[in-house]
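A short write-up of the structure that comes next.
All chains are named by letter (A, B, ...) in the order of the sequence lines, taking the proteins before the strands, and each is independently numbered beginning at 1.
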Amino acid sequence: MSKQIIVPFGPQHPVLPEPIHLDLVLEDEKVVDVIPSIGYIHRGFEKLVEKREFTEYVYVAERTCGICSFIHGATYCQGIEQIMKIEVPERAQYLRVIWSEFSRLHSHLLWLGLFADSFGFENLFMGAWKTRERVLDFMEETTGGRVIQGTSKIGGVRRDISSERLDRMVKDLDVLDREMKELTTIFLHDDSIRHRLRNVGTISREDAYHLGAVGPTARGSGVAVDLRKTGYGAYDRLNVPVVTDSCGDCLSRCTVRAKELFTSTDLIRQAARKIPDGPVDVKVTGAPDGEYFMRAEQPRGELVHYLKGNGTKFLVRSRIRTPTLTNIPPLIKMLAGCDLADVPVIVLSIDPCISCTER
Amino acid sequence: MTYLQKSPWIVHYNASSCNGCDIEILAALTPVFDVERFGIINTGNPKHADILLCTGSVNEQNKVPLKNVYDQIPEPKVVVAIGICASSGGIFRECYNVSGGIDKIIPVDVYVPGCAARPESIIDGVVTALGILEQKRLAMQTEGSPAGTKAGEAR
Amino acid sequence: MQILDLLLCLILFPLVAALFLLVVRRDSVRSLIVQFAAVAIGIVSLVLLILGFDKGTLIYSVASEPVSLVMFIIEIILAVFILYLGIKFRKSLTVLLILLQAGMLVWFETSLAGNLHIANNLFVDQFSIIMALIIGIIGSLICVYAVGYMETYHNRHKEVRDRRSIFFGILFIFLAAMFGLVFSNNLLWVFFFWEITTICSFLLIGYAETEEATNNSFLALSMNLLGGVAFMAAIIYLVLADSSGILLDLNHLLATGKAFALVPAVLICFAGITKAALMPFSSWLVGAMVAPTPVSALLHSSTMVKAGVYIIVRFAPVLSGTTEGLMIALVGGMTFALASFMAISQNNAKKVLAYSTIANLGLIVACAGVGTYNLMWVAILLIIFHAIAKSLLFLCVGTVENRIGSRNIEDMGGLIVRMPKIAIMMFIGMAGMFLAPFGMVISKWAAIEAFITAPFGLIFIAILAFGGSATVFFWSKWMGKIISVMRDQNVIEDTVRKEKWAVLYILTGLVVVVCLIFPLISSVLIEPFVLNIYGHTTRLAQANLTIMIMMLFLLMIMPFSMLLYGKRAQPPALPYMGGRPMNDSMHFAGSIGISRELVLSNYYLEKTFGEERLFMIGVSLCWGLLLIAGILLLGVIL
Amino acid sequence: MAFFEMVRTALRTVMQQPVTILYPAQAAKKTPISRGHVMIDESRCISCGTCQRKCPAQAIIISKEAKTWQIDRLRCVVCNSCVDTCPVKCLFMDTQYTAPVTARSVDLIAITYVKPPKPEKKDEPAQ
Amino acid sequence: MIPEPLLPVFYGLVYVLLAPLLGGLIAGIDRKVTARMQGRVGPPILQPFYDVGKLFEKENPVVTVTQNFYVLSYLVFMMVAGALFFSGGDMLLVIFAFTLSHIFIVLGAYASYSPYSHVGAERELLQIIAYEPMIILTAVGMYMVTQSFFVSTIVASSVPIILYLPGIFVGYMIVLTIKLRKSPFDISTSHHAHQEIVKGVTTDFAGPNLGKIEIAHWYEYVFLLGVIWLFFAWNPLLAVAAILVVYFLEILIDNTMSRVKWQLMLRTAWITAGTLGIINLGVLYYLGMVVP
Amino acid sequence: MTMQPQVTTNIEVGQLIGSVERFRNEGYRLVQIGCTKVGDLYEINYSFDKDYHFENIRITIGGSTEVPSISGMYWNSFIYENEMHDLFGIQVRGMNIDFKGTLFRTAVKYPFSQPPVTVTKGDKP
């Protein structure tokens, strides 16, 4: 006596900007079984290291993902710099921090919008993306690209930001802060939203940790993991607060991201205050020989670029382990027993970036 | 100008794109660009759509869904390939799992270059598509059957 | 004395047919007898209609003493029989109740019955005629249908002992008892026939002789015996009140008004509640679905439960305006709402039908309990519409069950492709149950209009509004199930027998026709009856009737719009599957490389409308209400 | 209870002018360094082929024999690599993005640079 | 002029002819205002008409031909319900016809045997059971004030109905949110895309069929707003103002709420609307008994 | 920029389960499992982290060696192990969720086990 409904969720589905698919088995609207399947974006560009010189692979690495493009590029470059023992100029490191944090703002605002959309709050979606345009404007003004910045380079960055622009940027941040304050207040306090998020997709601290959750997904469950604390780039000279929340449900993850918006603007201010003058890049000669696991904090969590060179211009292996990949097992746990209406909310609550995940 | 041109509804499919173009399509819906000015609605359902906005270089697993989504759009319909991955495979052209461009799978009417394609560029692309949509409608009227492949035929 | 002959004929002829059926062993002969008897009964009840519709209440005196003696002997024999079965199957409750009842009966017969003289034992009025028509036409149609059904049934269920002679015999005894019940003016006679229906249903429910069937039949028996005890108590009360027994004359009793009639009315209504399977006694009717489908159809539509509501509607004028009446009405209302909710959580087709029956009976009792003239009108209307649509639905479900081997609604997906004719009939039957402008909605509508002027009517309107919407839910989702067009399915209905088709066609026709001519039925039968009792009557506004009939016609011509589309070439399309293509056998590519079949089930919302929870609520609420009624009654008696 | 947190924001927004840029009636958002499309000063290109080699998307083809510089706009990822690496800085990034097209084509540009017989003279007449 | 007995027919016809125009306009204004609330320019006011015009220019792929029948019936009975209402018919009959038309769209969704339509259909049914009690209570409330179920009588009444039925009015506004498919309760069609069940009931309708559904929605808007008129019927100016205010509030709610799950929708509609309605009617009943 | 040096411990396939169990017991979380083809051999890296302390163990195997799954200790390892199987063709024994080669359905079977291509520069459009 079956009372089941099978819903093929995705690959084409309006709530998924990127294709994944889930086979949802429902009883009424209760999800009794969910089997995810990915691979719709697997391009296999990790193998491109065999065809592109390591200096040009930067452009490929940047296009791993359209949302955190800069961080991918920078992490790759930092990994190569580690192998080749290149000392990157201070200013470049600060600029990387600034752009990384702007990437994070961009990503989190984008996510807030999509998240609002997933529970049917269209106006909030529009509001979040309206604010996000401010971040993108800054990005375009300083790098020339809205979403694919293209300023990473081994040995530094490709563009400098003038000090006047930095001053203006700090002033603009106040406006941004104000708008984000308004947005996040609604997010965290509106009861209709809390009704949709509280106690939905809950995952305990232990589960989150042992299932390998990273980034806001882990921090929402109270696991204080933030790779910026390892002090790569210029982060060791900045005060990085780790935002956590203890409930482990969708609202907690939302809270973490909402608060991180402000830590990001704060980090940008710190960096703008401390940034020294000087060159933004050094000349790179030779080829990488050796291996390194470069870990960095992406908006979605811990990103690992494993790079292995053998002394030629072509790397042996580039392996990108993205936060979403490791957040998928916790996601499966979260989805068990939720309602159909919660599925998009929970899926989005880990902020999935499938194009990174599948490379 | 017919109604078709005043109310193009879109459906978006991400055929292994890097996300850049996708979020720009979404950005085009949001206040700063607001394509609803032109009557464009992101329907999310191919059966309601007129225009397929497609991003990404099409990998092995995406071929079938892409074709399926295309087939489910009722005639007249146009396909707009957004971004250079969708147009030619782009930087990922040489990857083992990439077919290289939407037009390898389904007929493409408009190519929108850019990496990532800017929202303005996407608007331009859709506007260009409107002209083609109108031609297809006329062709459908005169011939009695749609200009492209019929929806059911391909199965 | 033409009409009296008809009455006697209707009571006795089925008995004769039953005797023949009990001895006949050949299938073909049995089939012939059943068909002949059914046609005869149908025709006689129609003749009764033609001759009797304008005569008002006719009362006939029949020599009662010898008949009463026979009745007493039969009752004692039956009591002994039940006692034996009760002991055999160790049903202590049944034993207790039958001993109690028999004790009351014997005591009554020995110490009170001495100087009873009831002359007017039979009577007929418009309400009786309506009941007779329902029993005579729908009941006998079901019997005809049963012939073919039982043959298939025994082919499919080899484990069940073939006792078809007894089965058909009991069916016709059942009909006879029902006729007797609606024509009797002597409450003792009513009681006799009442007990006969109880025992017939007991035997029919237990037909399959499985453990479940036996248990459920005893459940039904115990509950109905409890009602019987109450009935007996009412009779004893009446005789104690007036030893001449004049109060046992039903029409006389009703005419005496509340002073005498209230106590027996409530007691008999309690009996009616048990028989009509209202909460807290609904479980027996739900359990009764283990019986072969024609039995369920019979129990649910034209006999048994209708006997319960019949007697309650009879006593409606007595109940009107009393607190006890309100309590009984509330029991009905609660039953309506809760049974409708519970039907949502069921996927067994017969169980859904059972809950729907319980709900509708609840509504009828709610109308009768409040008991104003327009509500009485509604109650009778409900009895008619419900009987037709429900019998059609049961028989359709039975046919489907015989073909696909399941009574699970989920297995009825795509019936419109597999068994198009049956599906359309079911569709019409269901429409009859909940869609405008068909019967039940007309009644619901009239009920709202009637309740609004009745005392405490608001409560019932609220119940009707909420319960009614639940009805929409469970019927529509079932409808949706049978009309969903699935691929790769073949027509499988061609093997259904001819006389079965005839029965189904007639019932389907009746659903539609009765909707069209119900103004006529109302003005010829119901309105005079109500007028006779209350001095005023009611009807639907003419303008509304016109509109309803126009809507009905519109609904009938709408399907022809399909022809319009059939001609134009339409590109075939597959359902939207999130970009995943589906093949003709409804499989699509699922995760982990599995080819999955698309399965769609309805919602059952068990958390919200779960059977157990609501049943407990309903039982305790209704017991509470009955208790209040009982306490009030005690106050009246003392 | 905090329902309707959004009401104030929504009501304020409805009173304000929309933030929408009325593209195409209004000009598109652009910055001086926006990466639109690659342009070539054909009079300065020395056909060295660096841009072709350094192009990660292999969109540029230079023919030394035919003296042509060819770019496939549907391949160019606008990464600025060629502009950065061009030894004579004859490539530059225009801020205007490439317009959508309905058919594939490549931009073929004839290089008019002539190796100057004498230094200092870079401005050869184009015709 | 039109003879008296034909007036109802005339009004009904006027509704059938003009309601789509008005309804489409309302939808257009709705979209414009919504866009402005989101800081966008929004589509032209006439956009809904373009949309429907476009849909009729498209081909009509169906999963099963019976879908056409259900959609047409949906439209026709929606027209019947509205026409009955505007010709002054019996409120209860109007409500039943209204339910009937919705059953047809639900059946149309079931007919295609597609997962999203199916879930949409189930949810649409949940919506129907959520709002129906309140709508019936509204009609009953009208009766208690004016002693008639006939719209013609209710409209002609000079009693300020709203003063007697404030609870019913609020309850009606709550279910109106369901009927207008506005945000907190937009669970069966997910009007603005990007949602959990794609397009719910309408998922497998395309082209002209979808157009018909859209037109039926317009009829529905006009009918539903017409009910608001009844509350203020004694003063037409106030009625128009009330309709405008109510509609604006609905848009505002749409823009300031996230979509709830069905459980909460059912609970809200039944408990809030039911309690408000029943308390309101109870008070009326009591007053009616005390002060005849 | 001061980064901690990264330690990689080479172990045998047979020691894998034991080593992983030790990490698990010490409260490390699994960061990643990654595979690299070096010549004809495959290096498999198991990386763990605890309080930003990064540990890496490596087994080096031939293409036909079967690797035991560590999903008993780390439930989430299935995603990496399936990936390893789909991209490198390494057989993993005892995965808790086995996609059976459907995690990444690639045009080329086991693409990363194919011999590396190097210079294809100047590839004409």
Side-chain angles (χ1 to χ4, degrees), chain A residues 10-21 37-48 50-52 56 59-60 62-69 72 106-107 110 113-114 117 122 125-134 136-137 140 145-148 150 353-356 358-359, chain B residues 11-34 36 42-46 48 52 55-66 68-70 72 83-85 89-100 114-120:
Chain A
Q12 198 276 324
H13 192 283
V15 88
L16 303 168
E18 300 170 275
I20 52 169
H21 87 226
S37 189
I38 57 171
Y40 286 96
I41 314 209
H42 179 67
R43 290 151 290 186
F45 66 73
E46 284 172 350
K47 211 166 161 65
L48 274 185
E50 294 159 7
K51 300 186 190 177
R52 300 278 187 277
E56 281 167 41
Y59 300 111
V60 180
E62 275 180 341
R63 282 164 179 76
T64 308
C65 168
I67 300 175
C68 33
S69 162
H72 273 290
H106 159 196
S107 173
L110 175 137
L114 290 179
D117 194 46
E122 199 185 316
F125 163 61
M126 295 291 180
W129 282 54
K130 203 162 72 185
T131 306
R132 170 178 164 267
E133 284 295 326
R134 290 186 182 280
L136 289 189
D137 284 350
E140 190 176 0
R146 274 166 60 87
V147 291
I148 306 281
C353 178
I354 309 301
S355 59
C356 307
E358 301 176 7
R359 310 166 303 280
Chain B
V11 61
H12 157 230
Y13 186 66
N14 174 334
S16 57
S17 143
C18 76
N19 237 345
C21 299
D22 305 281
I23 57 175
E24 292 294 51
I25 290 174
L26 287 179
L29 301 168
T30 55
V32 176
F33 301 99
D34 186 29
E36 206 187 344
N42 183 9
T43 64
N45 176 359
H48 294 185
L52 173 59
T55 55
S57 46
V58 190
N59 75 0
E60 193 59 23
Q61 222 171 322
N62 255 321
K63 289 176 180 170
V64 177
L66 179 60
N68 185 274
V69 169
Y70 174 75
Q72 289 201 331
I84 55 120
C85 292
I91 198 165
F92 304 117
R93 198 175 62 254
E94 291 174 282
C95 295
Y96 58 83
N97 207 26
V98 164
S99 309
C115 183
R118 296 175 60 93
E120 292 96 345

Requested in this report: Please confirm whether the backbone N or O of I67(A) pairs with a side-chain atom of N19(B), one donor and one acceptor, at under 3.5 Å?
Outcome: no
Query - Minimum side-chain heavy-atom gap Q61(B)-H42(A) below 4.5 Å - result: no
Report summary line: Tightest non-hydrogen contact, residues P19(A) and Y13(B), listed as CB-OH, 4.0 Å
Requested in this report: Measure the shortest side-chain to side-chain distance between N45(B) and P14(A) over non-hydrogen atoms and say whether it is less than 4.5 angstrom.
Outcome: no
**Report entry** Portion of E60(B) that has a non-hydrogen atom of chain A nearer than 4.5 angstrom
**Finding:** neither
Query - Shortest non-hydrogen separation from R63(A) to F92(B) and the atoms involved - result: O-CZ, 3.4 Å
Report task. Check for a donor-acceptor pair, side chain of K51(A) on one end and backbone N or O of E94(B) on the other, with a separation under 3.5 Å. Result -> yes
Query raised in the report: For T55(B), what residues pass the side-chain contact (heavy atoms from CB on, under 4.5 Å) criterion, not counting sequence neighbours?
Result: H12(B), N14(B), S17(B), C21(B), D22(B), I25(B), I82(B)
Query raised in the report: Which bit of P31(B) is near chain A, if near means a heavy-atom gap under 4.5 Å: side chain, backbone, both or neither?
Result: both
Query raised in the report: Are any of the side-chain heavy atoms of R43(A) and N97(B) separated by less than 4.5 Å?
Result: no
**Report entry** Atom group of H106(A) that falls short of 4.5 Å from chain B, counting heavy atoms
**Finding:** side chain
Query raised in the report: Relative to chain B, which segment of E62(A) carries a heavy atom at a distance below 4.5 Å: side chain, backbone, both, or neither?
Result: neither
Requested in this report: Please confirm whether the backbone N or O of A27(B) pairs with a side-chain atom of E133(A), one donor and one acceptor, at under 3.5 Å?
Outcome: no
Query raised in the report: Between Y40(A) and S16(B), which heavy-atom pair has the shortest distance, and what is it?
Result: O-CB, 3.3 Å
Report task. Enter the distance from R118(B):CZ to L136(A):CG here, rounded to the nearest 0.5 Å. Result -> 9.5 Å
Requested in this report: Tell me, for T30(B) versus chain A, whether the close heavy atoms (under 4.5 Å) come from the side chain, the backbone, both or neither.
Outcome: both
**Report entry** Full working for side chain to side chain contact (heavy atoms under 4.5 Å, CB included) between V32(B) and W129(A)
**Finding:** CA-CA 9 Å; V32(B) 176; W129(A) 282 54; over 6 Å; no
Requested in this report: Return the minimal non-hydrogen interatomic distance between L114(A) and L26(B), and the atom names on each side.
Outcome: CD2-CD1, 3.7 Å
Report task. Give, as side chain, backbone, both or neither, the part of E18(A) having an atom under 4.5 angstrom from any heavy atom of chain B. Result -> both
Requested in this report: List for me each residue that meets side-chain hydrogen bond (donor to acceptor under 3.5 Å, both in side chains) alongside Q12(A), sequence neighbours excluded, and say none if there are none.
Outcome: Y576(C)
Query raised in the report: What closest approach, in Å, do S355(A) and C18(B) show between heavy atoms, and which atom pair accounts for it?
Result: OG-O, 3.1 Å
Report summary line: Bottom line for V11(B): the part with an atom under 4.5 Å from chain A's heavy atoms is side chain
